[in-house]
Amino acid sequence: MTIENNQKIPNGFSRREFLTVTAGAMAFVALGGFCCSPGNVRFTLPPLPYEDNALEPVISSRTMGFHYGKHHKGYLDNLNNLIRDTDYAKMPLENIITATAGNPETMAIFNNAAQTWNHTFYWNSLKPGGGGDPSGELKTLIESSFGSVDKCKEAFADAAVTQFASGWAWLTYDGQNIGVMKTSNADNPMTHGLNPLLTIDVWEHAYYLDYQNRRKDHVNEVIEKLLNWDFASQNLAIVAGIL
Ligand code: MN
């Protein structure tokens, strides 16, 4: 299917919206999905894609235990309680996020839905023995967008270090270029019409037990040793239709 940017496709989405929704849905599938059935959905916590000590010494098993077992699970439990017996309980997680974004009345649902999604995406953005450089089409696009892979990594690190207070740094794809953005609290590139490719969690709970106030040291270690560029390539392939 060839669709120009902003051209409406049959379901009424613009191409960018379509890509975003598709990316979310496909990432959702790629991540193993959450429990989803017609009627009253109860989302379940996807298993970590590795053991809780697999990212040591960059991220300790103690941090993973709290982060996955308490924080991620907490967002998910809150979400299930908030959407019980509402129309949201019949919707895929990505649709809940886009449907509740920017509305003060649905802020609690948005925050917990987005944090549930963001954390699953984050676990998959990291892997034991990660880091290094991207390859293939992703590398080509990064070089055309930033000038070099190193400049992209610098921009990613800068976004993660300079995000004031809690939030996330993201590698994104807008349909043409690779970009970097930072978001506050639970916010996510999907609500900005962008496709997420990778993320780094810079809430203090992500690093404080291991690095205390040294967020920059944590971010640099994550980028050098844990980033899962294969996951970014898979996400790019899905949204860009490269596969
Ligand atoms: Mn977190």
Side-chain angles (χ1 to χ4, degrees), residues 24 27-28 31-32 34 43-82 93-94 96-97 100-101 107-128 130 156-172 180-192 196-223 225-228 231-232 235:
F28 164 77
L31 296 174
F34 296 87
F43 293 106
T44 56
L45 197 62
L48 278 175
Y50 32 71
E51 297 297 318
D52 67 1
N53 64 354
L55 305 184
E56 290 186 341
V58 180
I59 299 175
S60 68
S61 60
R62 187 158 181 253
T63 289
M64 290 297 291
F66 280 106
H67 201 173
Y68 172 74
K70 303 292 184 186
H71 292 275
H72 193 183
K73 183 176 185 302
Y75 296 124
L76 186 136
D77 289 345
N78 288 340
L79 175 66
N80 281 329
N81 289 330
L82 286 164
L93 184 57
E94 294 76 10
I96 298 174
I97 293 169
T100 57
M107 186 182 296
I109 294 175
F110 171 78
N111 283 338
N112 286 286
Q115 284 294 81
T116 296
W117 192 95
N118 292 353
H119 279 89
T120 301
F121 197 79
Y122 170 62
W123 307 131
N124 284 275
S125 294
L126 311 178
K127 68 173 184 180
F156 200 13
D158 187 63
V161 171
T162 61
Q163 165 55 32
F164 184 73
S166 297
W168 301 81
W170 303 87
L171 195 71
T172 63
V180 158
M181 73 183 300
K182 52 190 175 184
T183 59
S184 294
N185 300 319
D187 197 15
N188 167 312
M190 279 189 268
T191 70
H192 302 269
L197 301 181
L198 281 179
T199 193
I200 300 174
D201 188 341
V202 291
W203 284 59
E204 285 186 345
H205 65 229
Y207 60 88
Y208 215 83
L209 290 175
D210 301 327
Y211 295 80
Q212 294 78 50
N213 62 325
R214 293 178 289 113
R215 185 196 289 189
K216 185 175 184 179
D217 292 348
H218 169 74
V219 166
N220 287 337
E221 290 282 292
V222 165
I223 290 174
K225 298 175 181 172
L226 296 183
L227 274 191
N228 186 349
F231 180 61
N235 291 322

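Whatever order the structure lists ligands and atoms in, that order sets their numbers, starting from 1. Numbers here are sequence positions counted from 1. Only heavy atoms go into these numbers, but all of them, side chains included; no hydrogens, no water, no symmetry mates.
For H205, the N, O or S atom closest to the Mn ion (ligand 1) goes by the atom name NE2. The N, O or S atom of D201 lying closest to the Mn ion (ligand 1) is OD2.
Distance check for H72 against the Mn ion (ligand 1): none of its N/O/S atoms falls below 2.8 Å.
Seen from the Mn ion (ligand 1), atom NE2 of H67 and atom NE2 of H119 lie 90° apart in angle, a value rounded to 10°.
Using the six-membered ring where Trp is involved, Y75 and H71 have ring planes that are tilted, between 30° and 60° apart. In this structure, W123 and H72 have tilted ring planes: the angle between them lies in the 30° to 60° band. Ring-plane geometry between Y122 and H67 is classed as tilted, the angle between the planes lying from 30 to 60 degrees on a 0 to 90 degree scale. Between W168 and H119, the ring planes lie perpendicular to each other; the angle is over 60°, past the 30° to 60° tilted range.
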